[in-house]
Amino acid sequence: MKQFIFYILLFVSVSGWAQVKFEAEASREKLGVNERLRVDFTMNQDGDNFNPPDFKGFTVIGGPNQSISQSFTNGKMSFQKKYSYFLQPNGRGNFKIGQAEVEIEGQTYKTPFIDIEVTAAVDTPTEGRNPEIIAADNIHLVAEISNRNPYLNEGISVRYKLYFSPEITVRQWYPKDNPTYADFWSQDIDIKHLSVKEDLYRGDPYQYVVIRETVLYPQKTGKLKIEPLSLTVPVNVPSDRRDIFGRRLYETIERTVSSNNQTIDVKALPSEGKPANFTGAVGSFNFKVTNTKDVLDATESLQIKLQVSGNGNLKLFQLPKLNLPSSLEVYEPEHQENVNTNLNGMYGNISDNYTVVPQLKGKYPINPVSFSYFDPRTETYKTLTSEEILLNVENGPINNSAPVTSTTSEGNTKQAVASAPSQFKYIQLDANLKPIDRSPFFKSVGFWAGVVMPLLLIPIGIFTGKKRKSYLADAANNTSKKADKLARKYLSEAKKNLGDQKQFYEALERALHNYLKAKLSIKTGEMSKDKIKILLAERGVAQETISAFIGILESCEFARYTPTSNVGMQQDYDKAKTTISELDKQW
């Protein structure tokens, strides 16, 4: 009897489950032009290839938000999958919400049309307190470009500002899609400390944070596009609920914000007045040639340095070559770069350091060296020329042979090098001798050992492989346990302070710093985000784990300025625990 009842209930539940429903529902059928509309598309079975309507006459300001619920009650299974959209009318009139489509078990289902009437603006709009709408209206990502019409290889900067109104709070953000800067040489600038500032956005008071600064040097002329930056931002939105002390509770909504596509028009460098020795330097520079000695002996070395310093595309051009008399032996130069980057571009110096060795006694003039660059401020080419250097070689062999001279393309005279008495020609000898009593290898003891040994090693290799596999499995399990234990140890104080924002984030930041001090043996004062990235990367930590760790540090910094919810604190704690465990597993 019990089995019979069970089969009846199962048949009823399966029959109810088999009936597919795919419906559309609007939060209202009539609204003012200054109000918002919510449309839900609901199905009672899981489907694929959901295709929403085009929402003609409306602008999508939120969604799609997807939710799934499933339950089994009194022998009856229920399933619901919902896609929600928030719409803003574009004007007054009568509109139709089109049909959405979805595929369920190979069949295509469509929702009916929904008639919507949009009237003139109402005095008291409703539906404005929806968390998705609040988040969409009150957070914006803006890219500010310093110069939209630069010259080729002239540096420009892009600052990404995250604006948010006082109505919401933002704790942290995660990169979702980074621009590639395909037609630019690019360099990100490390922002050591986040600071919240106030400004107007479209006439309204907002707060903003500069989250990224990048310097770009265009490598092509014409109109170049700068791709948008996209971020995933957990936004704390005030709800209508309050705690027992009367304080408003916040709800966390995850939003994706993107900056707009930007276009700059890159000008070509002028051809008029371009020096013959111009190699692409653009900026404002100084140039000098220095030597370590003026008086020396033959076979004694000295250094001659060509150095360019200033502000501009220091890493993107070549230094001029040093032209020396042929009687001086010169080695390939050692190139050095001491270059930093800020919002004004690259600054510092680059140099080529030549080692020169005279072979004969005499006086050797080194002709001046010229360096040319383009100055975008004056829009002219400039040429800097060093002074002549005279080397006096006092002691050494004298060139008694008649000099043979030649003239270079620059008009300089070169003198052929005379051999010093200490020089000689190298003689390479190869006797190619072989032993007389060498025995043949074939059928020798070594030959048969080489044939038999590989066969004996096969079972040994199989046994060793199984042992190693078992060892690695145990080691991975032990590593995971140790990593979780270490994470709990460092985060224990932060866990105790969950609910107290100030104490929690101070303890969390202290835990992260203590963990790094223990693992990397560095001081707290040395813990800049840029250095942490470098040190973790050097130890083979995955880039995703490094980004997660830096994101938690930024969340701790940002929490000093804006309130957060208990849900947000719990999320940061869980993320910190997971990240520390991953770090400990990876090195």
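Each residue takes its place number in the sequence, starting with 1. All values reported here derive from a predicted model rather than from experimental measurement.
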Residues [X], [Y]: salt bridge by 4.0 Å N-O rule:
| X | Y | answer |
| --- | --- | --- |
| R377 | D375 | yes |
| K30 | D115 | no |
| R38 | D40 | yes |
| E35 | R28 | yes |

Is [X] reaching over with its side chain to a backbone N or O of [Y], donor-acceptor style, under 3.5 angstrom?
| X | Y | result |
| --- | --- | --- |
| E509 | E506 | no |
| S555 | G551 | no |
| N138 | F164 | no |
| D46 | K81 | no |
| S259 | V142 | no |
| D265 | P150 | no |
| Q107 | V102 | no |
| T579 | K575 | yes |
| D204 | L200 | no |
| Q99 | T111 | yes |

Give the minimum heavy-atom separation between [X] and [Y], together with the two atoms involved.
| X | Y | result |
| --- | --- | --- |
| I104 | G47 | CG1-CA, 3.8 Å |
| V282 | N313 | N-OD1, 2.7 Å |
| M43 | F50 | CE-CD1, 4.4 Å |
| M569 | Q501 | SD-CA, 3.7 Å |
| I552 | A576 | CD1-CA, 3.4 Å |

> ring-ring contact (aromatic ring centres under 6.0 Å, His included) between F22 and Y109: does it pass, once the steps are laid out?
Replying inline: CA-CA 7 Å; F22 182 42; Y109 296 86; 7.6 Å; no
> Once you round to the nearest 0.5 Å, how far does OG1 of T341 lie from CD of Q187?
Replying inline: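 The distance works out to 4.5 Å.
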> Roughly how far apart are E554 CD and S547 OG, rounded to 0.5 Å?
Replying inline: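 One gets 9.5 Å once the value is rounded to the nearest 0.5 Å.
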> Parallel, tilted or perpendicular for Y163 and Y206, by the 30°/60° rule?
Replying inline: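 It falls in the perpendicular class, over 60°.
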> Where does the angle between the aromatic ring planes of Y85 and F41 fall among parallel (under 30°), tilted (30 to 60°) and perpendicular (over 60°)?
Replying inline: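 Ring orientation of Y85 relative to F41: perpendicular.
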Can you tell if the side chain of [X] reaches within under 4.5 Å of the side chain of [Y], non-hydrogen atoms only?
| X | Y | value |
| --- | --- | --- |
| I139 | V170 | yes |
| L498 | Q570 | yes |
| N236 | E251 | no |
| Q262 | K225 | no |
| Y347 | N342 | yes |

> Going by distance alone, is a donor N or O of one side chain under 3.5 Å from an acceptor N or O of the other, for S284 and N311?
Replying inline: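 Absent: no donor and acceptor within the cut-off.
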> Do Q172 and D572 pass the side chain to side chain donor-acceptor pair (under 3.5 Å) test, and can you show the C-alpha distance, the side-chain angles, and the key distance before you say yes or no?
Replying inline: CA-CA 10 Å; Q172 58 191 17; D572 285 337; 3.1 Å; yes
Inspect the surroundings of [atom1] in [X] and state if more than 12 heavy atoms from other residues, nucleotides or ligands are less than 6.0 Å away.
| X | atom1 | result |
| --- | --- | --- |
| K495 | NZ | no |
| E25 | CD | no |
| R148 | CZ | yes |

> Where do D199 and K197 land on the salt bridge (charged side-chain N to carboxylate O under 4.0 Å, His left out) test, with the steps shown first?
Replying inline: CA-CA 7 Å; D199 196 3; K197 299 181 181 179; over 6 Å; no
> Passes salt bridge (charged side-chain N to carboxylate O under 4.0 Å, His left out), D137 versus R36? Steps please.
Replying inline: CA-CA 12 Å; D137 286 349; R36 279 78 178 268; 2.3 Å; yes
What side-chain donor-acceptor pairs closer than 3.5 Å can you find for residues 213-221, not counting sequence neighbours?
residue	atom	partner	partner atom	Å
E213	OE2	R159	NE	3.2
E213	OE2	R159	NH2	3.3
T214	OG1	D188	OD1	2.7
Y217	OH	G312	O	3.3
Y217	OH	M346	N	2.9
Q219	NE2	N153	OD1	3.0
Q219	NE2	Y217	O	2.9

> For the side-chain contact (heavy atoms from CB on, under 4.5 Å) test, which of N147, L343, N149, V266 pairs with I156?
Replying inline: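 The residue from N147, L343, N149, V266 that satisfies side-chain contact (heavy atoms from CB on, under 4.5 Å) with I156 turns out to be N147.
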